[in-house]
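Just below is one structure, and these are the notes that go with it.
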Amino acid sequence: MTVSRVRVALYTIAAIVSLAGLADATYLTVQALTGETLTCGGSPDCFRVLGSAYARVAGIPLAAFGSLAYFGVFSLATFAAFAYKRAGALLALLVAAMFLVTLWLLYVQAFVLHAYCRYCLFSAAITFLLAGLVIAIPPSRPDCI
Amino acid sequence: MKRYLPFIIVGAVALATLGSGAMLYRAKRPHLLTIRPDKAVSGKGTAESIHIRGNPDAPVTLEEFGDFQCPPCSNAAVFIDQLVKEYHPNLKLVFRNLPLPVHKYAREAALAAEAAGLQGRYWEMHDVLYREQAVWSKADNARELFDSYAGMLGLNLNQFKKDIASEKARQRIESDQERADSLGVRSTPTVFINNQEVAPNEKTPNGLRAKIDAALKQKSSKA
């Protein structure tokens, strides 16, 4: 398999994986907008995390930023798969930022809130997977014959 | 065509996300409950069997279904107490127990509050349980802590221990749970102001103030 084909395959996988993150973050955004995260009724740990002050930034649900970020990953990975210039570099930057935010959120769950929400852990797993995929993408160079 | 394909794919995913998000929002949007007049809290006449904070004759009733182990209930308890003071004598709080099965010690905490209530100190125990929620929720034996809170409040400890296991305390909780079932209340805190449920996003100090003001205005315009 040529380098360019490997790149296309990995960008396509990243785009597909990001859709799972997008679905998760969209679900959490809707939960926050309906106020479901401000009441108890489901998993106590999820409500402790999603109902905390850390789950909103300036009143906006953090999950909404997550949705935008995953949509950004999907878009950039799609464009990169179609060999659009700079899409790959922007994707790497976005995934790096998401990776750092994910580390911070895991720290908050583990050491501040002492509770884990499975939807947040799923999102963290998706981000780690995306980071792995982005690292695995070989640098672009002309294919050898 | 290939040049435009990524734009088409990205646009389709954007539309699908917005569409499914909107559908999910419609499905999950809270359907606010209303208490029928025959099930409404009638004030002084029922004061002996329910827990009322504030003026029992207040024109506005805030009825809350709460769980002592629920963190949002603990947050709400602080500002609801402030609102009762702020609106005195126009607002009364009626507290109903709705211990959720997902919370390990919620039922025992409700029993502790009822046992304190049998010695006339319901609200003191209510406040301590919410204030210390983070401590007893994670304890191995919450019951020991409830006993220590009873001692701190100056209750007769032997009587408190008997009352916690009593049929009377159990029945009070079950009666509140039956009311929750009959009204369709499933989560906590669920708040009604003059028999109209308050939307989850409005359960903030300012959101509740707006609802209380509107209820007061409605009462005064009817008078």
Side-chain angles (χ1 to χ4, degrees), chain A residues 8 11-12 15-16 18-53 55-56 59 61 63-64 66-68 70-84 87 112-115, chain B residues 2-14 16-32 65-76 98-106 133-134 137-138 185-191 198-204 207:
Chain A
V8 169
Y11 281 130
T12 305
I16 293 166
S18 70
L19 288 178
L22 180 62
D24 183 57
T26 304
Y27 175 74
L28 291 180
T29 305
V30 170
Q31 263 204 328
L33 292 177
T34 55
E36 214 175 303
T37 53
L38 301 172
T39 56
C40 290
S43 154
D45 277 354
C46 267
F47 287 89
R48 201 171 296 148
V49 175
L50 301 172
S52 76
R56 282 178 186 261
S67 295
L68 285 176
Y70 282 117
F71 182 71
V73 170
F74 175 79
S75 305
L76 290 169
T78 304
F79 281 106
F82 281 86
Y84 272 72
V112 181
L113 301 172
H114 305 288
Chain B
K2 199 184 168 188
R3 195 176 161 193
Y4 299 109
L5 193 54
F7 290 96
I8 293 166
I9 293 169
V10 168
V13 166
T17 306
L18 288 174
S20 54
M23 276 169 64
L24 194 61
Y25 180 81
R26 280 173 69 94
K28 282 189 161 278
R29 194 174 43 187
H31 300 286
L32 300 180
F65 287 83
D67 169 321
F68 287 108
Q69 204 174 341
C70 165
C73 293
S74 170
N75 297 337
L98 185 56
L100 300 170
V102 289
H103 293 141
K104 194 178 169 188
Y105 297 127
Q133 185 192 71
S137 292
K138 292 193 180 95
V185 175
R186 302 266 179 277
S187 59
T188 61
T190 294
V191 173
V198 177
N201 284 335
E202 289 173 329
K203 277 180 259 174
T204 58

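So you know, we letter chains A, B, ... as the sequences are listed, proteins then strands, and number each from 1.
One finds the CG atom of B:Leu5 at 4.0 Å from the CZ atom of A:Phe82 (value rounded to the nearest 0.5 Å).
Here the closest heavy-atom approach between residue B:Asn201 and residue A:Ala32 is recorded as OD1-O, 4.0 Å. Between A:Gly35 and B:Pro200, the shortest heavy-atom contact is O-CB, 3.4 Å.
Both the backbone and the side chain of B:Lys28 come within contact range of chain A, with heavy atoms under 4.5 Å apart. A:Tyr27 touches chain B through backbone and side chain together, each having a heavy atom under 4.5 Å away. The contact between A:Leu22 and chain B is made entirely by side chain atoms (from C-beta outward), counting heavy-atom distances below 4.5 Å. For a residue to count as touching a neighbouring chain, one of its non-hydrogen atoms must lie under 4.5 Å from one of that chain's; by this rule B:Ala134 does not touch chain A.
If you tally non-hydrogen atom pairs under 4.5 Å between each of B:Thr190, B:Thr17, B:Val13 and chain A, the highest count goes to B:Val13.
Between B:Leu24 and A:Thr26 the shortest side-chain heavy-atom distance does not fall below 4.5 Å. Taking 4.5 Å as the limit, some side-chain heavy atom of A:Phe74 sits within range of a side-chain heavy atom of B:Ile9.
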